Amino acid sequence: PAPGVSLRLCSTGGAPGGINKPVIERIIRVDHAGEYGANRIYAGQMAVLGRSSVGPVIQQMWNQEKDHLKKFNDLMVAYRVRPTVLLPFWNVAGFVLGAGSALLGRKGAMACTVAVEESISDHYNSQIRTLVEEDPEKYKELLQIIKQFRDDEREHHDIGLEHDAE
């Protein structure tokens, strides 16, 4: 390089800090896809119920999902993870699921929220177990993120139940 120009080296070999790159890539890719899908579900629900009495509740949950997606977008760049090839599918399917459940009314939208958030929470718990078994100290930051997002998803689940999902 020219004098005064720094060269950023990137390795094609081992992952930084000895992380298990295939595991981390899978977790980040799957979680990014899930958060992307959740955003599309809430977009569909807001398209139908945004002006109803439950609109602000849906918007509040959607705002958290937007934060989750942003974080996973950042993690994809930081860990050099490619997104799933299924994003176009999640784009359409998520919106259709959200709008379709909302067309059933507030209870339908909240039942969808409860089912989806319960599944995501279980999925995050499985990832937490995997990372703890690998090395909890090595994956401390990622564990903290996943635990926080899992707690947010549980909160959304409970909000759905409070709004007559059953």
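Everything numeric in this text was worked out from a predicted model, so none of it was measured. Any value given below was found using the heavy atoms of this structure, including those in side chains, with hydrogens, waters and symmetry copies removed.
A heavy-atom distance below 4.5 Å is found between the side chains of I128 and V132. Considering only heavy atoms from C-beta on, I24 comes within 4.5 Å of L142 through its side chain. With contacts defined as side-chain heavy-atom distances shorter than 4.5 Å, the pair Q45/I41 qualifies. No side-chain heavy atom of H32 sits less than 4.5 Å from a side-chain heavy atom of T84. Using a 4.5 Å cut-off on side-chain heavy atoms (C-beta onward), W62 and M46 make contact. Side-chain atoms of D158 and V114, non-hydrogen and from C-beta on, never get closer than 4.5 Å to each other. The closest side-chain heavy-atom distance from E65 to H156 is below 4.5 Å.
Pairing each heavy atom of F95 with each of A47, the nearest pair is CZ-CB, 3.8 Å. Scanning both residues, P56 and S53, for their nearest heavy atoms gives CD-O, 3.5 Å. Taking both residues in full, the closest heavy atoms of M76 and I28 are given as CG-CG2, 3.5 Å, listed atom of the first, atom of the second, then distance. In terms of heavy-atom proximity, A102 sits nearest to V48 at CB-CB, 3.6 Å. Scanning all heavy atoms of the two residues, the minimum distance from L49 to A109 falls at CD1-CB, 3.7 Å.
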- Test salt bridge (Lys or Arg N to Asp or Glu O under 4.0 Å) on K70 and D74 and set out the steps. CA-CA 6 Å; K70 181 184 181 322; D74 294 345; 3.3 Å; yes

Give the C-alpha distance, both sets of side-chain angles, the deciding distance and a yes or no for side chain to side chain contact (heavy atoms under 4.5 Å, CB included) between T113 and Y42.
CA-CA 9 Å; T113 296; Y42 284 116; 3.4 Å; yes

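No donor-acceptor contact under 3.5 angstrom links the side chains of N39 and E35, judged on distance only. Judged by distance alone, the side chains of H157 and E117 never bring a donor and an acceptor atom under 3.5 Å apart. Q127 and H123 share a side-chain donor-acceptor pair at under 3.5 Å. Of the N and O atoms on the side chains of E134 and N20, at least one donor lies less than 3.5 Å from an acceptor on the other residue.
The aromatic rings of F149 and Y124 sit tilted, their planes meeting at an angle between 30° and 60°.
L69 and L75 sit in two unconnected hydrophobic clusters of ILVMFWY residues. Membership requires side-chain heavy atoms under 4.5 Å apart, directly or through other members. Grouping the Ile, Leu, Val, Met, Phe, Trp and Tyr side chains by contacts below 4.5 angstrom, directly or via other members, places L97 apart from M110.
When the shell of 6.0 Å around NZ of K107 is examined, it contains 12 or fewer heavy atoms from other residues, nucleotides or ligands. The environment of CH2 in W90 is sparse: at most 12 heavy-atom neighbours from other residues, nucleotides or ligands sit within 6.0 Å.
Judged purely by atom type and a 3.5 angstrom limit, S101 uses its side chain to pair as donor or acceptor with the backbone of G98.
Shown here are the side chain to side chain donor-acceptor pair (under 3.5 Å) partners of E155, two or more places apart in sequence or in another chain: there are none.
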